[in-house]
Amino acid sequence: MRAADRTRAPGGARFDLPEVDAFTRPYWDAAAEGRLLIRHCAGCDRAHHYPREFCPHCWSEDVRWQPASGHATLYTWSVVHRNDLPPFGERVPYVAAVVDLAEGPRMMTEVVECEGDALRIGMGLEVTFRAGVPVFRPRPGAVPPPSSAVPPPSSAAPLPSSASKTSS
């Protein structure tokens, strides 16, 4: 089976690529060029993501595409060990994540070029692109070397059984 065929479901559907429409085309065209765009509202001066034709904060329709810095911090993540949809099954394990973009919005994405056990909430990330899709990787110096890893906290001593009882 050819690699291109493994990334498609029966009937040719790709589960890792969005359907591009006239509204989102600028976003995906920029991503194909290695640029990340977000929507910015002139009414309330706030950015948002995912792309919408109106501002989700103030409902203004005065929103425009704006280049994003590509910097983010890790908000949360999960290491996916099983996914039956093509081509995700060939990528496991992978890191599904939510990041806070420097401009403010949160974005669902994937973290690449980093093992799951090296991830830390708040670590600095930068955008990179895989086949025209924005994903994030640690910024240089953002992943602590294994020797400087913080040891897990020692477990606290259990409370005496009398401490957990309430008096009447």
Side-chain angles (χ1 to χ4, degrees), residues 14-21 23-83 85 87-156:
R14 291 265 320 236
F15 294 104
D16 63 329
L17 298 176
E19 290 187 31
V20 178
D21 59 26
F23 173 69
T24 61
R25 183 162 306 285
Y27 177 85
W28 295 111
D29 287 349
E33 297 169 359
R35 297 181 299 120
L36 180 63
L37 296 180
I38 56 176
R39 299 288 279 175
H40 184 266
C41 176
C44 67
D45 196 31
R46 291 176 72 182
H48 61 272
H49 185 82
Y50 68 94
R52 297 171 209 147
E53 295 186 49
F54 61 91
C55 175
H57 307 290
C58 72
W59 299 92
S60 171
E61 293 181 6
D62 190 7
V63 290
R64 295 178 180 85
W65 293 107
Q66 170 183 319
S69 68
H71 291 168
T73 56
L74 185 59
Y75 177 74
T76 190
W77 77 93
S78 180
V79 178
V80 178
H81 293 277
R82 181 174 177 174
N83 189 330
L85 297 175
F88 300 108
E90 296 173 358
R91 295 181 187 160
V92 295
Y94 62 89
V95 177
V98 177
V99 300
D100 288 328
L101 298 175
E103 293 77 12
R106 283 200 172 133
M107 177 179 179
M108 291 186 70
T109 187
E110 183 177 343
V111 175
V112 297
E113 301 176 24
C114 186
E115 296 297 321
D117 59 354
L119 296 170
R120 301 290 181 266
I121 290 173
M123 74 185 297
L125 303 170
E126 65 186 10
V127 74
T128 188
F129 295 85
R130 181 179 57 213
V133 175
V135 295
F136 286 77
R137 65 182 171 210
R139 280 192 291 225
V143 180
S147 62
S148 69
V150 176
S154 61
S155 55

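Nothing fancy with the numbering, it's 1 onward along the sequence.
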Original post:
Do other residues, nucleotides or ligands put more than 12 heavy atoms under 6.0 Å from the CD atom of Glu33?
Top reply: yes
**OP:** Step through the shown structure and confirm whether more than 12 heavy atoms of other residues, nucleotides or ligands are within 6.0 Å of CD on Glu115.
**Re:**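 Counting other residues, nucleotides and ligands, CD of Glu115 stays at 12 neighbours or fewer.
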Do you know the tightest heavy-atom contact between [X] and [Y]?
X: Cys44; Y: His57; result: SG-CB, 4.1 Å
X: Pro51; Y: Arg39; result: CA-CG, 3.8 Å
X: Ala31; Y: Phe129; result: O-CD2, 3.5 Å

I'd like to check [X] versus [Y] (side-chain heavy atoms, cut-off strictly below 4.5 Å). Are they in contact?
X: Pro138; Y: Met123; value: yes
X: Leu36; Y: Met107; value: yes
X: Tyr94; Y: Val112; value: no
X: Glu126; Y: Arg137; value: yes
X: Thr109; Y: Pro134; value: no

**OP:** Kindly say whether Asp117 contributes a backbone atom to a donor-acceptor pair with the side chain of Arg120 at under 3.5 angstrom?
**Re:** yes
**OP:** Check whether any side-chain N or O of Glu103 sits under 3.5 Å from a backbone N or O of Ser69 as a donor-acceptor pair, and report yes or no.
**Re:** yes
Original post:
Step by step, would you call Val95 with Val79 a side chain to side chain contact (heavy atoms under 4.5 Å, CB included)?
Top reply: CA-CA 5 Å; Val95 177; Val79 178; 4.2 Å; yes
Rounded distance [0.5 Å steps], [atom1] in [X] versus [atom2] in [Y]:
X: Trp65; Y: His40; atom1: CH2; atom2: NE2; result: 14.0 Å
X: His71; Y: Phe136; atom1: NE2; atom2: CZ; result: 9.5 Å
X: Leu37; Y: Arg64; atom1: CG; atom2: CZ; result: 14.5 Å
X: Cys58; Y: His48; atom1: SG; atom2: NE2; result: 9.5 Å
X: Tyr50; Y: Thr24; atom1: OH; atom2: OG1; result: 11.5 Å

**OP:** Decide side chain to side chain contact (heavy atoms under 4.5 Å, CB included) for Tyr75 and Val99; before the verdict, give the C-alpha distance in whole Å, the side-chain angles of both, and the deciding distance to 0.1 Å.
**Re:** CA-CA 5 Å; Tyr75 177 74; Val99 300; 5.9 Å; no
**OP:** Mind telling me whether Tyr27 and His49 have parallel, tilted or perpendicular rings, with 30° and 60° as the class edges?
**Re:**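 Answer is tilted, since the angle falls between 30° and 60°.
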